[in-house]
Amino acid sequence: MTTRLTQGDATRIALVGGGGSGKSFLACALGHRIKRHFHGGIHWLRVGAWDSATLLEMLARRLGTGGGEHLATLKHALKRNGPTFIVLDNHENDAALARFLDALRDCPITWVITARRCLLSGVEVFPVVAPLVTSREVAFPKVAVLTKLLRWNPLALDIADALVGSRAISSAALRSWLLSEGVERITVMAHEDDVAEVRLLVAWAWAQLSFGSRRLLAALAYSEGDDVDEASLYGLARCKAGKSALKPLLAWRLVQEPLQGRYTLHAVVRYAIQKRARFPAHRYFDHYVPLMEGDPSRVRLEQSHLFAAMDYAHQTSDLGAALRVERLLTVLQSASL
C-alpha cells in the first residue's frame, strides 16, 4: 500500500475495522514511513461527527489560510504546497465527509480515513483486522492465556498486558474475573465503540482507581478536543493530586500520550468511561476560551478545543458565547496575517 500511495495511484484510502483494531496506529505509522514523498506536509485531523463546514475551517486554520469559508483560498494553498498527506481520524459522518472531500477533490492530497464503517463512493476501502488474528499467534506473551478470550483485540490486550505487567492482577485472576463477567457471551453492541473486552477491562480498573483518577478519566472522556495538556487536565478535573492520580492511568495504558505531556483516550475507552461518569460540558469552554484569549499562540495546540467551543456555543444557543468565540477567531485571523 505504501508504494501505491507514494506513486499517487490511490488518493483516498479508508482504513476500516472494529474499535481497537489498530486503524489509527496504522495510519500514524504510514504517515511517518512515507512523509518524505509529501513536501506539502502531513496533517492529522480527528474528524468524528463534525460537519463539512467545520472540517473545512479546521483544515484552513491548520494551513494558516484563514477561515474555511474562503474555499478558493484554501484550495489555492493546497495546490501551491504540492502533494500533501492528510489523515482524517475516527470518521463518523458519511454525508459531511463526502461534501468535504468532494470540495477538495482536485487538490493534490492523499487522504487516509480511519473508520469503523465507510459508505463513500470514490474511496478505496482497506480492511484492518487485529494483527496476528488470522495466524492465531500471540502478540502479548504475558497475557497469552487471555489472547483468545479477548478476541485478539490489540487495545484490550495492551490494557490487559499493562494490568498484569504492573502486578495489579495476575493473568489467571484476570481471566477468571473476565469469565465471571461474561466476556464470552454473545451480546448486542450498544454502539460501534461498545467493545465488550475493553469495557470489562475498564470496569475492573475503575473499581481500583481513586476518585482523582476517575475524575481525570471523566475529563478526558468528554473532551471534544484531540488531546489535553497536563496542566489543563488537572484544572478541568479539579484534581489537586494530579500527578499521583495520572500515574496508574498511564501505567495501565488507559490513557494515551500522543505528544509529550498531552493526553487523550482511545475512542473505545472513552465510550466505556462515558457509561460510568458524567462531566459538565461548560467547563471546557470556560477553560479553553480564556486560555486562548490570553495567549493566542496556544491555538496551534488547542485548535480542536477552539472548534469544540464553537460547537458548544451553537448547541447551547448562547449568543454571548458565540460572540466571544467570533471575537477570538477575529484576533487569531489578524495575528496570522
Side-chain angles (χ1 to χ4, degrees), residues 19 44-62 66-71 88-101 103 114-116 190-194 215-229 232-233 235-238 262-294 296 298-333:
W44 186 286
L45 299 176
R46 185 170 67 83
V47 297
W50 296 119
D51 62 32
S52 58
T54 301
L55 295 177
L56 288 168
E57 183 85 16
M58 290 173 69
L59 182 58
R61 294 194 177 277
R62 178 64 183 264
E69 69 275 10
H70 304 296
L71 179 59
L88 303 174
D89 191 37
N90 198 31
H91 155 62
E92 296 177 16
N93 188 329
D94 286 318
L97 198 60
R99 288 190 292 271
F100 172 73
L101 292 174
T114 71
R116 286 157 191 78
H191 185 273
E192 290 166 323
D193 288 329
D194 183 24
R215 293 305 296 164
L216 296 183
L217 283 176
L220 290 172
Y222 285 91
S223 171
E224 294 295 330
D226 288 334
D227 45 53
V228 178
D229 70 277
S232 293
L233 177 57
L236 286 165
R238 297 178 181 174
R262 297 187 67 88
Y263 305 100
T264 190
L265 300 180
H266 189 283
V268 174
V269 174
R270 181 187 299 267
Y271 182 77
I273 298 300
Q274 288 178 348
K275 300 296 289 184
R276 296 183 163 274
R278 294 289 179 265
F279 201 84
H282 69 84
R283 201 173 291 177
Y284 301 102
F285 185 96
D286 294 344
H287 176 81
Y288 281 106
V289 172
L291 184 69
M292 287 180 276
E293 287 173 334
R298 288 291 299 264
V299 74
R300 184 69 178 176
L301 285 172
E302 315 299 355
Q303 189 177 87
S304 58
H305 294 288
L306 173 61
F307 290 106
M310 293 171 58
D311 191 58
Y312 172 81
H314 174 73
Q315 288 183 358
T316 58
S317 300
D318 187 330
L319 179 59
L323 291 174
R324 191 173 175 184
V325 172
E326 187 62 34
R327 286 194 298 269
L328 178 56
L329 287 169
T330 301
V331 171
L332 294 172
Q333 176 66 21

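This is a predicted model, so every value here is computed, not measured.
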Can you list the residues that meet the side chain to side chain donor-acceptor pair (under 3.5 Å) rule with [X], with sequence neighbours excluded?
X	value
His266	none
Ser232	Asp229, His287
Arg262	Asp227, Glu302

State which residues pass ring pair (Phe, Tyr, Trp, His ring centres under 6.0 Å) with His305; sequence neighbours excluded, sorted by chain then number.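 By the ring pair (Phe, Tyr, Trp, His ring centres under 6.0 Å) rule, His305 matches Tyr288.
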
Among residues at least two apart in sequence or on other chains, which ones pass ring pair (Phe, Tyr, Trp, His ring centres under 6.0 Å) with His191?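 Counting only residues at least two positions away or on another chain, His191 forms a ring pair (Phe, Tyr, Trp, His ring centres under 6.0 Å) with Tyr271.
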
Gap between atom [atom2] of [Y] and atom [atom1] of [X] - 0.5 Å precision:
X	Y	atom1	atom2	result
Asp194	Glu192	CG	CD	11.0 Å
His91	Arg116	NE2	CZ	10.5 Å
Asp89	Asp226	CG	CG	8.5 Å
Ser304	Trp50	OG	CH2	8.0 Å
Leu301	Leu306	CG	CG	13.0 Å

Could you tabulate the donor-acceptor pairs under 3.5 Å formed by side-chain atoms of residues 273-280, not counting sequence neighbours?
| from | atom 1 | to | atom 2 | distance (Å) |
| --- | --- | --- | --- | --- |
| Gln274 | NE2 | Ala221 | O | 2.8 |
| Arg278 | NH1 | Tyr222 | OH | 3.0 |
| Arg278 | NH1 | Gln274 | O | 2.7 |

Identify the residue among Val325, Val289, Thr54 that makes a side chain to side chain contact (heavy atoms under 4.5 Å, CB included) with Met310.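 That would be Val325; it is the only one of Val325, Val289, Thr54 passing the side chain to side chain contact (heavy atoms under 4.5 Å, CB included) with Met310.
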
Donor-acceptor pair, side chain of Arg283 and main chain of Leu236, under 3.5 angstrom: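 It does hold such a pair.
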
Beyond-backbone contact of [X] with [Y], side-chain heavy atoms, under 4.5 angstrom:
X	Y	value
Tyr284	Glu224	no
Leu233	Leu220	yes
Leu88	Arg46	no

Could you tell me whether Glu293 and Arg324 have a side-chain N and a carboxylate O separated by less than 4.0 Å?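 Salt bridge flag = yes for Arg324 with Glu293.
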
